[in-house]
Undergrad: 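Have a look at this one before I ask anything.
Protein chains get the first letters and strands the later ones, always in sequence-line order, with residue 1 at the start of each. Predicted model, so just to flag it, every value in this text is computed and none were measured. Only heavy atoms go into these numbers, but all of them, side chains included; no hydrogens, no water, no symmetry mates.
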Number of protein chains: 2
Amino acid sequence: MFPAMRSTPPREAAPATTPAASLVFTTLLSHGPLTRAEIGRRTMLSAAAVTKAVRPLMEVGYLVEGADDGARPALGRPANPVRVDAGRALFIGIKVTGDEIIAVLADLCCRIRVARHVRLTARGPQAVLPRITALVQELLTEADGFGVRVRGLGIAVSGDVDRTRGVVRYSPFLEWRDIALAEIVETATGLPVTVDNDVRALTVAEQWFGAGVGLSHFALVTVGAGIGCGLVVHGRVVSGAHGVAGEIGHLSIDPLGPPCHCGNNGCVEAIAADPAILREVRKATGKPVHTAAEALALAHEGDPGVRDVYARAGEAIGRAIGSVVNVLGPERVIISGEGLAAYDLFAEGIRDALAASAFGAAAQCDVMTRPLPFEEWARGAAATAIQSFIGSDTY
Amino acid sequence: MFPAMRSTPPREAAPATTPAASLVFTTLLSHGPLTRAEIGRRTMLSAAAVTKAVRPLMEVGYLVEGADDGARPALGRPANPVRVDAGRALFIGIKVTGDEIIAVLADLCCRIRVARHVRLTARGPQAVLPRITALVQELLTEADGFGVRVRGLGIAVSGDVDRTRGVVRYSPFLEWRDIALAEIVETATGLPVTVDNDVRALTVAEQWFGAGVGLSHFALVTVGAGIGCGLVVHGRVVSGAHGVAGEIGHLSIDPLGPPCHCGNNGCVEAIAADPAILREVRKATGKPVHTAAEALALAHEGDPGVRDVYARAGEAIGRAIGSVVNVLGPERVIISGEGLAAYDLFAEGIRDALAASAFGAAAQCDVMTRPLPFEEWARGAAATAIQSFIGSDTY
DNA sequence: TTCTTTCATTGACAGCAGAAAAGAACAACC
DNA sequence: GGTTGTTCTTTTCTGCTGTCAATGAAAGAA
């Protein structure tokens with residue numbers, strides 16, 4: 001209906017041509033194998049529309065009729081479940097941090113096939129971009145081994161990213177400003193490139209392939225070096241009018257709390273992010289603790305001061321989640337991030353603070369945790385590439 | 001496309017039959033008179049589609065060709081602006097509070113033609129419902145004087161309201177639980193009834209007819225007896241998965257702050273809502289101050305203790321807005337409510353606290369105030385009725 | 001007067017999805 | 001074993017919506 005945003009390169013063989021086809025495809029991606037009748041019920045499409053949407057997708061091989069091996073209702077004509085052929089297409093997802101690049105090769109169902117990471121010594125675009133293209137080439141040759149083409153590349157970067165234009169407006173960690181990343185990498189690699197904020201990319205992965213499947217309102221909270229939050233409202237990822245959203249790390253929880261690098265006092269990030277926890281642990285123990293793992297070990301040894309630091313951090317996170325819950329009323333909050341390793345220490349604080357701050361029915365919100373392997377961020381980037389490939393209007 | 005939610009009563013003469021017609025109508029409602037060419041540009045519809053959408057609407061009189069009397073470009077064929085005939089239909093909006101009912105008769109452009117209010121002595125449904133129907137009858141006879149039919153009725157109630165089912169799930173102020181308000185009033189009055197939460201209704205009015213026109217992301221903050229917030233994300237009003245959203249009144253700003261009726265400490269509402277301000281003013285002055293007007297008068301007389309109370313309240317509001325801005329990144333925040341009378345006293349606190357807490361580009365958010373006449377809440381209810389009448393898919 | 005420019009309308013056309021009916025594949029029942 | 005019933009799936013037909021391209025309309029400019 002609308003002309004393509006960027007014209008190069010041509011998206012040959014876009015799988016879904018009509019809105020209905022797109023809808024059917026995304027439904028199948030998220031909800032495993034389904035019979036055509038079931039697809040019709042879920043998408044509110046007529047049976048005829050489903051048939052007409054499925055056929056061309058099966059002809060080009062993105063969908064296959066596959067065994068559901070689930071319990072059948074034993075009455076009426078047996079159903080023929082349809083599923084996405086995960087191996088029919090590959091995607092590359094890349095996450096760029098201040099000191100490393102993580103890259104994965106993922107299939108159409110966003111399962112990781114190959115993972116790579118390289119350390120970075122310099123973070124300027126001139127230094128990083130060649131490393132990205134080299135890594136992409138490496139994964140492209142890997143993909144040849146599967147005999148399947150790579151159909152898209154997603155790149156996740158922290159900071160202010162304009163996905164529709166493919167531009168990194170400002171990334172504090174990388175010290176990048178106004179880099180037309182999608183365009184550059186597209187010309188360098190020949191792949192369709194999608195660029196997005198890292199937390200949003202992770203949120204997309206959860207929305208389509210994770211704990212957010214089927215929910216139109218949820219929040220994804222990441223705990224680690226920073227505290228972030230991805231939001232899905234009305235079934236769409238929230239980007240904010242100025243590219244900033246979900247900045248719960250800088251909610252000020254306590255006006256008398258420790259100063260934050262943002263200039264404010266008592267930000268969640270100044271209490272519960274890794275650097276803040278390390279600082280407090282050093283203060284409590286007097287020991288030169290320099291990694292999250294060391295701090296965690298001390299806590300697990302039972303050091304009461306250290307445990308107290310984690311308890312306070314958990315409380316701050318819980319209150320931040322409480323703010324999100326009160327403001328948006330999501331159906332579910334997914335907690336993830338490297339900091340999840342300390343979840344047992346956070347848990348009580350989070351639960352209590354959330355219970356205290358959630359107002360009324362907002363407290364019915366379901367809170368769950370999800371482990372975050374280090375490739376997960378890159379997988380999120382791959383998910384954005386898959387999303388672009390499908391041509392979903394969810395974005 | 002979908003079957004009607006409730007079948008009774010039949011929505012005769014629904015103005016917009018096709019999605020395009022609905023889009024054109026809402027565009028014209030929000031953006032005054034427009035030429036057909038301009039409508040096409042704004043809606044991304046072809047000129048042909050606009051012509052075909054406009055014609056039937058003009059035939060039944062909802063749209064008229066009217067003078068734009070604006071500057072014309074002086075080149076090419078002169079344009080024929082089209083506008084909504086505000087007087088072609090009337091709507092009733094009703095706001096129910098704990099101690100009064102406010103009702104307005106509004107035209108299709110949501111301009112108030114008649115306003116009424118009655119005090120309530122009891123707040124149970126058995127007591128209130130007859131008053132509502134009586135008030136509706138009164139306004140219906142008023143409408144006869146205009147020679148135009150009333151096409152819909154909107155009711156706004158504070159608390160947890162399920163608009164799609166027309167049910168008040170729980171209203172703390174009214175002490176109502178699970179009242180099928182829409183159904184009851186529909187059968188009593190014969191009008192199509194829309195029931196919604198009061199803050200959301202006000203948000204709808206701003207979105208279609210106020211300072212939120214054309215914005216897909218904004219927040220409406222109401223200050224007064226309570227502190228509330230309506231949110232529009234991706235062009236749609238946020239209701240939350242459990243009917244609760246925008247509860248910024250119960251964001252906990254200061255763990256050491258005054259206790260709130262919700263059980264938590266330092267809630268915004270426990271610092272900046274009218275009752276909290278009165279309590280603090282009494283504490284500061286020792287005088288038996290019992291109304292917001294008295295407190296305001298003291299502040300304007302220059303009492304430093306009282307001014308300080310307002311300053312702290314302003315700061316709390318500013319930090320609450322900061323939270324919303326950080327979480328959602330809206331394009332604009334509209335501050336309104338009865339408490340706006342004291343805005344000059346709040347202003348500095350709001351501005352400073354917001355500037356301190358807004359992170360990065362989120363600070364670009366535009367903050368503005370809007371006076372709130374007492375009928376405005378009822379006008380919001382009328383706006384929801386108009387929205388239902390148009391059959392907009394925005395909801 | 002004729003050209004240019006912009007606005008508006010018309011009729012033909014293509015695409016998408018729904019309705020209804022037919023076909024397919026099984027279980028249960030007599 | 002045939003019939004009936006149930007559910008899934010496909011086919012055919014139809015209606016509707018919005019786009020395209022061509023045409024007409026109304027002004028100012030050359």
Side-chain angles (χ1 to χ4, degrees), chain A residues 1-4 14-28 31 33-59 63-83 391-393, chain B residues 1-4 14-28 33-59 63-83 391 393:
Chain A
M1 200 186 308
F2 296 103
T17 53
T18 74
S22 197
L23 194 59
V24 167
F25 204 152
T26 58
T27 306
L28 281 171
H31 303 273
L34 291 175
T35 70
R36 292 171 175 80
E38 185 59 30
I39 295 171
R41 270 181 297 254
R42 300 210 190 201
T43 56
M44 307 283 285
L45 256 52
S46 71
V50 174
T51 293
K52 277 180 284 195
V54 166
R55 192 181 8 236
L57 288 170
M58 278 188 46
E59 273 165 11
L63 300 184
V64 290
E65 281 188 332
D68 192 5
D69 51 68
R72 49 175 40 175
L75 192 60
R77 170 178 172 173
N80 242 9
V82 178
R83 64 181 171 80
S392 152
D393 55 351
Chain B
M1 199 186 308
F2 296 104
T17 54
T18 76
S22 198
L23 194 58
V24 168
F25 204 152
T26 59
T27 306
L28 281 171
L34 291 174
T35 70
R36 293 171 176 80
E38 185 59 31
I39 295 171
R41 261 171 253 136
R42 301 212 188 199
T43 56
M44 309 282 284
L45 256 54
S46 70
V50 174
T51 293
K52 277 182 279 198
V54 166
R55 195 187 358 242
L57 288 171
M58 279 188 46
E59 274 165 10
L63 299 184
V64 289
E65 281 188 330
D68 192 8
D69 50 68
R72 49 175 40 176
L75 190 59
R77 169 179 171 174
N80 240 9
V82 179
R83 63 182 171 80
D393 56 352

Undergrad: How many whole angstroms separate atom CG of Leu63(B) from atom C1' of dA8(C)?
TA: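 In whole Å, dA8(C) C1' lies 16 Å from Leu63(B) CG.
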Undergrad: Provide the closest heavy-atom pair for Leu28(A) versus Val82(A) in the form atom of the first, atom of the second, distance.
TA: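 Closest heavy-atom pair between Leu28(A) and Val82(A): CD2-O, 3.4 Å.
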Undergrad: Mind checking if Ala20(B) touches a base, just sugar-phosphate, or nothing, with heavy atoms under 4.0 Å?
TA: sugar-phosphate
Undergrad: Under the salt bridge (Lys or Arg N to Asp or Glu O under 4.0 Å) rule, what pairs show up with a residue in residues 35-45 of chain A, not counting sequence neighbours?
TA: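 Residue pairs passing salt bridge (Lys or Arg N to Asp or Glu O under 4.0 Å), neighbours aside: Arg36(A)-Glu65(A), Glu38(A)-Arg41(A), Glu38(A)-Arg42(A).
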Undergrad: Roughly how far, to the nearest 0.5 Å, is the CD1 atom of Ile39(B) from the CG atom of Leu63(B)?
TA: 7.5 Å
Undergrad: Only one of Thr26(B), Thr27(B), Leu34(B) clears side chain to side chain contact (heavy atoms under 4.5 Å, CB included) with Thr43(B); which?
TA: Thr27(B)
Undergrad: Would you mind reading off the distance between Arg41(B) atom CZ and dT6(C) atom C1', rounded to a whole angstrom?
TA: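 After rounding, the gap between these two atoms is 9 Å.
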Undergrad: To check you understand the geometry: which heavy-atom pair defines the closest contact between Ala53(A) and Val24(A), and what is its length?
TA: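 Looks like CB-CG2, 3.9 Å.
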Undergrad: Between atom CD in Glu59(B) and atom C1' in dT9(C), what is the gap in whole Å?
TA: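 Rounded to whole Å, this separation is 14 Å.
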Undergrad: Looking only at heavy atoms, which two atoms of Pro81(A) and Ala79(A) are closest? And how far apart?
TA: CD-O, 3.3 Å
Undergrad: Taking only N and O in the side chain of Arg36(B), is any of them less than 4.0 Å away from OP1 or OP2 of dT9(C)?
TA: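 Affirmative; the distance criterion is met.
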Undergrad: Please give, in whole Å, the distance from dC20(D) P to Met44(B) CE?
TA: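 Computing the Met44(B):CE to dC20(D):P distance gives 12 Å.
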Undergrad: What is the distance from CG of Leu34(B) to P of dC7(C), rounded to the nearest Å?
TA: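 So the two atoms are 12 Å apart, to the nearest Å.
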Undergrad: Specify the separation, in whole Å, of atom CG of Asn80(A) and atom P of dC8(D).
TA: 12 Å
Undergrad: Please report the closest heavy-atom contact between Leu45(B) and Ala20(B), naming both atoms and the distance.
TA: CD2-CB, 3.6 Å
Undergrad: Nearest-Å distance, CZ (Arg77(B)) to P (dG28(D))?
TA: 14 Å
Undergrad: Provide a list of protein-nucleic acid N or O atom pairs under 3.5 angstrom, restricted to nucleotides 11-13 of chain D.
TA:
unit_1  : atom_1 : unit_2   : atom_2 : d
dT11(D) : OP2    : Arg55(A) : NH1    : 2.8

Undergrad: Given atom CG of Leu45(A) and atom P of dT10(D), what is their separation to the nearest angstrom?
TA: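 In whole Å, dT10(D) P lies 14 Å from Leu45(A) CG.
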Undergrad: Have a look at Thr18(A) and say if it touches a base, only the backbone sugar-phosphate, or nothing, with a 4.0 Å heavy-atom cut-off.
TA: sugar-phosphate
